Amino acid sequence: MPELPEVETILQTLRPKLLGRTIERVEVLLNRVIREPDAEQFAKDISGQTLIGVERRGKYLLFKLTGSLVLVVHLRMTGRLLYVAPGFPRDQYTHVVFYLDNGKELLFHDMRRFGTIDLIPADRLKTFHSLNKLGPDALDPSLTRDVFKKRLKGRSGQIKKILLDQTFITGIGNIYANEILWKARIHPERSATSLTPRDLGRLYHAMREVLMTAIDHRGTTIRDYVDGEGKPGSFQELLAVHGRENQPCPLCGNSIVRVKNGGRSAYFCPSCQK
Ligand SMILES: [Zn+2]
């Protein structure tokens, strides 16, 4: 699933191409991808709108339009937004086509069909049900080390589960939670209440460093992630633990262990992570 670094990379590839472009019309090939309003109204409302801003909140992409509307996209497991030339091949997973005024197309493509699109008035953004419960973005400048520590205070449960909880901090999924905890040398099943102030400081810096390095490498492509131009990322080559069961820890050489935890795999080094 695209996590913060992948969604940020998609944003960075699409922003220069989409800003100032007008959506001339839209073709919805799978109605249920559009949650709000209904597909017919969606196509009517978005036609003629110009893109004036592209932002990210956690794993959500927010496309600001003239007419005080915001297009909210969540790619979930396998969603893609592809900026392509006309004639680019479509398949049964091409669900929405945005026709732009420069002749190019923006395709929403999703093999698993869990991705969602909403078109809402800009003044509803703050109260919109999918966004209003999200915690601060993991790279939000206002999320300082002190704010991070304060938010974690009083949280019980395993630290990895808390990192994955989008109401705590938004943007981190399974791959980066595994990598961040390895970098911070914290066991994924460690109770949050047992973490010392030093642990929390290391965790905060590991979170920032792992996410920013992953953005520098244009995200992680394990199965199907590609950016807005259809290019894969390269951070998978730098993964220390995720997907590396029985392979040596880059730090100590001991074997990486995988444990199933709540339907997801935790990968960690039992020697480095306590
Ligand atoms: Zn190790």
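What you see is a predicted model; the values in this text were computed from it and never measured. Counting convention: from 1, in listed order, for ligands and their atoms alike.
- Protein N/O/S atoms closer than 2.8 Å to the Zn ion (ligand 1): C249 SG, C252 SG, C269 SG, C272 SG.
- By the neighbour-count criterion of 12 heavy atoms within 6.0 Å, atom CZ of R190 is densely surrounded, having more than that number from other residues, nucleotides or ligands.
- Within 6.0 Å of CD in E40 there are 12 or fewer heavy atoms belonging to other residues, nucleotides or ligands.
- Between H74 and Y60, the angle of the ring planes goes over 60°, which puts this pair in the perpendicular group of the 30/60° scheme.
- The aromatic rings of F98 and F42 sit perpendicular to each other, their planes meeting at more than 60°, with 30° as the lower class boundary.
- Applying the side chain to side chain contact (heavy atoms under 4.5 Å, CB included) rule to L30 yields the partners R32, V33, H95, R113; only residues at least two apart in sequence or on another chain are considered.
- When only modelled atom types and interatomic distance are considered, Y176 and E6 share a side-chain donor-acceptor pair under 3.5 Å.
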